[in-house]
A.B. asks: 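Quick one: the structure is below, questions incoming.
Owing to the predicted nature of the structure, the values given are computational and were not obtained by experimental measurement.
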Amino acid sequence: MNSQLELSAHPEEDSASKPVAADAQAPTETPTIQAATPAEPPPAPAYADAEDEDDEDDDDEVDLADSGLDDAVLGAEAALAAAEAEDAAEARGADAEDVPIVLEPEPEPTPDERALHAPHVRPTGEPAEIDPDELDPDALKVVLRLHQHGHQAYMVGGCVRDLLLGRKPKDFDIATSATPNEVRGIFRNCRLIGRRFRLAHVYFKGGKIIEVSTFRANPTELEPAPNGGEDEGDGEDLLITHDNVFGTAQQDARRRDFTINGLFYDVAEGRVIDYVRGRRDLDERFIRTIGDPEVRMREDPVRILRAVRFAAKLGLDIESRTYAAMEGAVEDLPRCAPARLLEETFRLIRGGVSAPALKLLDALDALKILLPPVNAYLKQHGKEGEKTFYAFAESLDQRVSAGEALDDAILLAMLLIPISRSTGPEESQEGRPSVSQVVEDLLAGFVQSARLPRRIAERCRMLLLAQRTLSGERRRRSAAFKRHPLFSEALTVFEMTVEATGENREQLEAWKAGEVPQPRAAAADGEESDAGGQRKRRRRRRRRRPSANGSSGESAGSSSESGDA
């Protein structure tokens with residue numbers, strides 16, 4: 001795979017797949033990204049010499065070893081992308097059936113199906129609790145088709161919660177009494193996915209997916225309690241490792257994480273089904289676990305991150321016992337799959353609520369496990385470090401909330417820039433420039449244990465290194481740098497950095513205008529001076545001039561030296 005194609009992939013092509021709203025309803029591996037092949041040849045690499053550049057200007061000569069965008073890094077990109085593609089193929093083979101998705105025309109509705117509809121008025125004469133016009137028509141079609149085949153089916157989870165809060169749901173999920181195989185038999189273009197348990201994805205035009213899950217029960221409620229039925233919860237390992245147990249609608253509601261996510265909506269009756277008192281907590285604006293909070297957090301500590309995300313996203317408070325259980329379960333986070341932790345962390349950042357969410361995680365002392373370099377930075381730099389770090393997070397949130405599609409590498413780079421700025425560049429063992437060692441270790445750890453695509457980690461690293469050029473700390477040949485496929489993304493990161501700090505605004509305006517800002521004097525002097533403070537000039541490569549006998553001057557000199565020896 002061409003490395004330049006990988007680097008020039010559009011940010012939208014790197015976005016993660018549709019997340020699942022219900023608690024632990026699908027595998028949460030960070031998906032791999034495939035770059036689309038552009039119709040035109042890729043732009044020239046940044047490290048190529050430009051014919052229109054002034055070759056006589058020694059100070060503007062491209063320094064590949066210092067730029068961070070060197071030939072070795074770009075050359076390794078293809079191998080990393082190929083390895084990631086192999087990982088993706090293996091993961092897809094384990095997670096989903098190899099069923100081609102061919103969109104076929106929907107069959108004509110039967111007379112019975114025409115009679116099924118979402119009423120605006122309930123049988124009691126009262127209006128429907130949720131306006132049918134606010135429901136997704138494709139999700140409504142799935143529910144009604146399941147009803148037609150004699151199955152229970154409800155809209156469930158986040159879509160019901162958001163509609164009751166007056167928010168527009170991101171997606172609509174459905175829970176049903178039909179088994180996954182039965183769902184597949186009812187719908188064309190249905191695909192089963194999932195490792196922990198099977199889920200049905202029903203595909204519609206435009207790439208829309210309606211996720212259908214079968215009612216399930218909490219396995220811990222079905223198994224007999226140890227010690228003759230005495231369950232004190234002390235010293236018992238409650239971590240759920242399997243939950244592929246079918247159940248009833250009520251059991252399915254009770255197995256979910258929080259009361260606000262345990263609400264069902266009966267389309268045919270026009271009413272909300274509340275087995276867990278979620279309506280009460282929505283009215284009181286509380287996040288509360290279903291059941292004993294200590295048990296539920298120990299069953300799945302990732303629920304800590306989910307509670308934080310809902311609190312930051314919806315502006316809700318966390319109920320006191322639930323918060324206390326979250327504090328106690330932080331130490332269990334390392335027992336969760338690293339890929340799940342990383343994916344939930346990215347969901348916090350992608351949601352435009354990274355600043356309040358990270359503040360809450362810091363208060364819970366969870367950053368030491370999720371983002372150790374961030375935790376160390378905040379502890380080391382105190383109040384001033386917190387102010388700087390959260391200014392970067394808030395700048396990122398503003399972009400995301402405005403609807404700007406940002407690549408995962410950009411999201412991660414924005415959170416790591418304060419750390420990179422505080423430590424400065426280093427030289428790696430391979431001789432190439434490096435961001436701070438703690439950032440290098442973090443990225444390497446994410447790749448090795450949390451399945452972060454290698455390409456995202458490398459792009460993040462390159463974006464961090466490119467900031468020194470954009471800010472004027474390092475001088476580069478302008479035309480070559482602006483042609484690099486990462487230039488646009490690096491400039492986006494630089495623009496958010498300027499918004500967060502108020503620094504380097506003149507340099508930003510110059511880059512955006514297509515000009516090249518003057519390098520900062522202090523940085524230029526620091527780079528070009530030696531230990532004695534004298535300006536150090538690069539030696540220019542002189543052209544060989546033919547001597548009288550037709551050989552080059554250097555060759556003649558070498559022969560003379562050999563003769564003298």
A.B. asks: Within a strict 4.5 Å, meaning less than it, do heavy atoms of the Phe246 and Phe215 side chains meet?
C.D. replies: no

A.B. asks: Any Lys/Arg nitrogen of Glu343 or Arg451 sitting under 4.0 Å from an Asp/Glu carboxylate oxygen of the other?
C.D. replies: no

A.B. asks: State whether the side chain of Arg254 and the backbone N or O of Val276 hold a donor-acceptor pair below 3.5 Å, judged by distance alone.
C.D. replies: no

A.B. asks: Hey, are Glu344 and Arg309 close enough for a salt bridge, meaning a charged N less than 4.0 Å from a carboxylate O?
C.D. replies: yes

A.B. asks: Between Glu269 (side chain only) and Arg271 (backbone N and O only), is there a donor and an acceptor less than 3.5 Å apart?
C.D. replies: no

A.B. asks: Is Arg167 atom CZ crowded by more than 12 heavy atoms from other residues, nucleotides or ligands, each under 6.0 Å away?
C.D. replies: yes

A.B. asks: Under a 4.0 Å threshold between the charged nitrogen and the carboxylate oxygen, would Arg340 count as salt-bridged to Asp300?
C.D. replies: yes

A.B. asks: Quick one, Tyr154 and Val160 - any side-chain contact, counting heavy atoms below 4.5 Å?
C.D. replies: no

A.B. asks: Looking at Ala357 and Val308, what are the two nearest heavy atoms and their distance?
C.D. replies: O-CG1, 3.5 Å

A.B. asks: Looking at Ala450 and Pro338, what are the two nearest heavy atoms and their distance?
C.D. replies: CB-O, 3.7 Å

A.B. asks: Salt bridge (Lys or Arg N to Asp or Glu O under 4.0 Å) with Arg285: which residues, sequence neighbours excluded?
C.D. replies: none

A.B. asks: Which residues pass the salt bridge (Lys or Arg N to Asp or Glu O under 4.0 Å) test with Asp136, not counting sequence neighbours?
C.D. replies: Lys208

A.B. asks: Would you confirm whether Arg198, through its side chain, and Gly194, through its main-chain N or O, come within 3.5 Å as a donor-acceptor pair?
C.D. replies: yes

A.B. asks: Which heavy atom of Ala329 sits nearest a heavy atom of Pro301, and at what distance?
C.D. replies: O-CB, 4.1 Å

A.B. asks: Are the side chain of Glu129 and the backbone of Val272 linked by a donor-acceptor contact shorter than 3.5 Å?
C.D. replies: yes

A.B. asks: If you define the side chain from C-beta out and look only at heavy atoms, does anything of Leu396 sit under 4.5 Å from Leu411?
C.D. replies: yes

A.B. asks: Aromatic rings Phe310 and Phe258: how do their planes relate, parallel, tilted or perpendicular, breaks at 30° and 60°?
C.D. replies: perpendicular

A.B. asks: I'd like to know if the side chain of Thr322 and the backbone of Arg288 have a donor-acceptor N/O pair within less than 3.5 Å.
C.D. replies: no

A.B. asks: Shortest non-hydrogen contact from Ile318 to Ala307?
C.D. replies: CD1-O, 4.3 Å

A.B. asks: So, are Arg335 and Glu331 salt-bridged, with charged N and O less than 4.0 Å apart?
C.D. replies: no

A.B. asks: To check you understand the geometry: which heavy-atom pair defines the closest contact between Tyr390 and Ala355, and what is its length?
C.D. replies: CE2-O, 3.8 Å

A.B. asks: Contact between Asp362 and Lys359 at the side-chain level, heavy atoms closer than 4.5 Å - yes or no?
C.D. replies: no

A.B. asks: Roughly how far, to the nearest 0.5 Å, is the CG atom of Asp332 from the CD1 atom of Ile304?
C.D. replies: 7.5 Å

A.B. asks: Do Pro180 and Leu199 have side chains that approach each other closer than 4.5 Å (heavy atoms only, starting at C-beta)?
C.D. replies: no

A.B. asks: Counting distance only, does the side-chain N/O of Ser401 pair as donor-acceptor with the main-chain N or O of Asp397 below 3.5 Å?
C.D. replies: yes

A.B. asks: Output yes when Arg399 and Glu499 qualify as a salt bridge under the 4.0 Å nitrogen-oxygen rule, no when they do not.
C.D. replies: yes

A.B. asks: Donor-acceptor check, side chain of Arg216 to backbone of Thr214, threshold 3.5 angstrom: yes or no?
C.D. replies: yes

A.B. asks: Do Asp173 and Cys159 have side chains that get closer than 4.5 Å, going by heavy atoms?
C.D. replies: no

A.B. asks: Any chance you could measure Leu442, atom CG, to Leu370, atom CG, to the nearest 0.5 Å?
C.D. replies: 10.5 Å

A.B. asks: Between Tyr265 and Ile130 (side chain of the first, backbone of the second, donor and acceptor by atom type, cut-off under 3.5 Å), is there such a pair?
C.D. replies: yes

A.B. asks: Taking Lys368 first and then Asp365, would you say they form a salt bridge - that is, a charged N and a carboxylate O separated by under 4.0 Å?
C.D. replies: yes

A.B. asks: Run the salt-bridge test on Asp257 and Arg296 with the 4.0 Å N-O cut-off and return the result as yes or no.
C.D. replies: no

A.B. asks: In sequence, state the C-alpha distance, the side-chain angles, and the governing distance for Thr492 and Glu495, and then conclude on side-chain contact (heavy atoms from CB on, under 4.5 Å).
C.D. replies: CA-CA 5 Å; Thr492 298; Glu495 186 173 6; 5.5 Å; no

A.B. asks: Do any N or O atoms from the side chain of Asp274 and from the backbone of Arg279 form a donor-acceptor pair under 3.5 angstrom?
C.D. replies: yes

A.B. asks: Judged by atom type as modelled, is there a donor-acceptor pair below 3.5 Å linking the side chain of His201 to the main-chain atoms of Val212?
C.D. replies: no

A.B. asks: Kindly determine whether Arg455 and Glu458 satisfy salt bridge (charged side-chain N to carboxylate O under 4.0 Å, His left out), including the steps that lead there.
C.D. replies: CA-CA 5 Å; Arg455 191 168 61 86; Glu458 190 62 27; over 6 Å; no

A.B. asks: After noting the C-alpha distance and the side-chain angles of Asp317 and Ile287, does the key distance pass the side-chain contact (heavy atoms from CB on, under 4.5 Å) rule?
C.D. replies: CA-CA 6 Å; Asp317 295 324; Ile287 295 175; over 6 Å; no

A.B. asks: Check whether any side-chain heavy atom of Leu333 sits under 4.5 Å from a side-chain heavy atom of Leu305, and report yes or no.
C.D. replies: yes

A.B. asks: Which heavy atom of Tyr275 sits nearest a heavy atom of Ala253, and at what distance?
C.D. replies: CD1-CB, 3.8 Å

A.B. asks: For side-chain contact (heavy atoms from CB on, under 4.5 Å), just list the numbers for Glu211 and Asp171, CA-CA rounded to whole Å, side-chain angles, deciding distance to a tenth of an Å, and then say yes or no.
C.D. replies: CA-CA 9 Å; Glu211 185 171 273; Asp171 45 49; over 6 Å; no

A.B. asks: Quick check: do Ile417 and Leu463 have side-chain heavy atoms less than 4.5 Å from each other?
C.D. replies: no

A.B. asks: Any carboxylate oxygen within less than 4.0 angstrom of a Lys/Arg side-chain nitrogen, looking at Asp408 and Arg350?
C.D. replies: yes

